Amino acid sequence: MNPIRVVIAEDDQQIAEIQRRFLERIEGFELVGVAHGLEEAQDLTDVLKPELLLLDIQFPTGTGLELLRTLRAQNSETDVILITAAKEVETLQAALRGGVFDYILKPLVFERLQETLQSYSKHREKLQAMGQIVQSDVDTMLPRGVTSAPTAPSEIRLPKGIDALTLEKIRQVFSADREPLSAEEMGEKIGASRTTARRYLEYLVSTQELVAEVSYGSVGRPERRYRAQA
């Protein structure tokens with residue numbers, strides 16, 4: 001199967017370089033262009049016709065949402081994943097109306113990008129393999145259209161790869177130590193690998209129990225540190 005061709009549109013050259021390095025580590029994807037401005041992103045998309053565009057929102061000459069609307073008005077077949085620092089609900093709503101595949105908040109974490117791109121790849125494969133659709137197919141492809149009864153707190157299930165015992169260990173570390181910790185430092189404290197510790201830390205960020213802070217060192221090596229919510 002041919003790799004999925006990707007264009008990165010990011011005005012910050014350092015962040016664009018980080019995205020490029022992350023993308024190189026994910027199988028099945030090929031970077032075909034990097035744009036640091038909206039016009040350049042438009043040109044690369046028009047000429048190269050990539051399957052996927054990783055798009056920032058804030059540019060000196062406008063916003064990525066404007067480019068998104070332009071692509072949709074042109075019936076472009078390029079899918080879009082927004083990677084942005086914009087946390088306004090209105091921005092997310094505009095992105096969803098524009099049909100983005102995903103909306104990732106900066107600072108970008110490799111595992112989060114990898115998860116999204118793998119989901120996107122499976123999404124494309126499923127669409128290409130379909131002849132006609134039935135409702136269950138639609139419900140799988142468009143999970144936002146499926147509603148279910150609220151889950152009682154006692155019935156909440158943890159995501160795959162997250163177990164309650166390890167989660168409680170991490171909570172205990174933060175209850176005893178209020179200083180920000182990296183995934184590597186947390187791994188040492190609970191006797192786990194850095195990758196495992198990061199998975200749990202990111203889960204606690206998603207539940208708003210922790211806050212993640214980032215500092216950029218050398219190119220391609222941002223360090224993410226985690227602390228308990230105030």
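Computed from a prediction, not measured in an experiment: that's the story for all the values here. Counting begins at 1 with the first residue of the sequence.
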Check: [Y] and [X] side chains under 4.5 Å, non-hydrogen atoms:
{"X": "Val6", "Y": "Leu23", "answer": "yes"}
{"X": "Ile104", "Y": "Leu82", "answer": "no"}
{"X": "Leu210", "Y": "Gln229", "answer": "no"}
{"X": "Gln42", "Y": "Leu71", "answer": "yes"}
{"X": "Asp56", "Y": "Lys106", "answer": "yes"}
{"X": "Tyr120", "Y": "Asp102", "answer": "no"}
{"X": "Asp46", "Y": "Gln74", "answer": "yes"}
{"X": "Arg194", "Y": "Glu188", "answer": "no"}

Check this for me: does any side-chain nitrogen of one of Arg224 and Glu202 sit under 4.0 Å from a carboxylate oxygen of the other? yes
Regarding Arg21 and Glu17, does a basic nitrogen lie under 4.0 Å from an acidic carboxylate oxygen? yes
Are [X] and [Y] close enough that a side-chain donor and a side-chain acceptor fall under 3.5 Å?
{"X": "Glu213", "Y": "Tyr226", "answer": "no"}
{"X": "Thr196", "Y": "Ser193", "answer": "yes"}
{"X": "Ser76", "Y": "Arg72", "answer": "no"}

Do Ile162 and Arg199 pass the side-chain contact (heavy atoms from CB on, under 4.5 Å) test, and can you show the C-alpha distance, the side-chain angles, and the key distance before you say yes or no? CA-CA 8 Å; Ile162 302 291; Arg199 183 168 67 249; 3.9 Å; yes
Give the C-alpha distance, both sets of side-chain angles, the deciding distance and a yes or no for side-chain contact (heavy atoms from CB on, under 4.5 Å) between Thr61 and Glu39. CA-CA 9 Å; Thr61 59; Glu39 289 187 5; 5.7 Å; no
For the residue pair Arg25 and Phe110, would you count it as a cation-pi contact if the rule is NZ or CZ under 6.0 angstrom from the ring centre and within 45 degrees of the ring axis? yes
N/O donor-acceptor pair under 3.5 Å between [X] side chain and [Y] backbone:
{"X": "Tyr200", "Y": "Asp163", "answer": "yes"}
{"X": "Thr116", "Y": "Leu113", "answer": "no"}
{"X": "Glu51", "Y": "Arg5", "answer": "yes"}

May I ask you to check whether over 12 heavy atoms, not counting those of [X], lie within 6.0 Å of atom [atom1]?
{"X": "Gln208", "atom1": "CD", "answer": "no"}
{"X": "Glu30", "atom1": "CD", "answer": "yes"}
{"X": "Gln93", "atom1": "CD", "answer": "yes"}

What's the verdict on side-chain contact (heavy atoms from CB on, under 4.5 Å) for Tyr103 and Ile57, showing C-alpha distance, side-chain angles and the deciding distance? CA-CA 11 Å; Tyr103 190 103; Ile57 287 184; 4.0 Å; yes
In the single-linkage hydrophobic clustering (I, L, V, M, F, W, Y; side-chain heavy atoms under 4.5 Å), do [X] and [Y] co-cluster?
{"X": "Phe59", "Y": "Leu68", "value": "yes"}
{"X": "Ile81", "Y": "Ile4", "value": "yes"}
{"X": "Phe29", "Y": "Val109", "value": "no"}

Leu53 and side chain to side chain contact (heavy atoms under 4.5 Å, CB included): which partner among Asp79, Leu67, Val100? Leu67
What's the separation between atom NZ in Lys49 and atom OG1 in Thr45, rounded to the nearest 0.5 Å? 9.5 Å
Residues Pro50 and Val7: closest non-hydrogen pair is CG-CG2, 3.6 Å
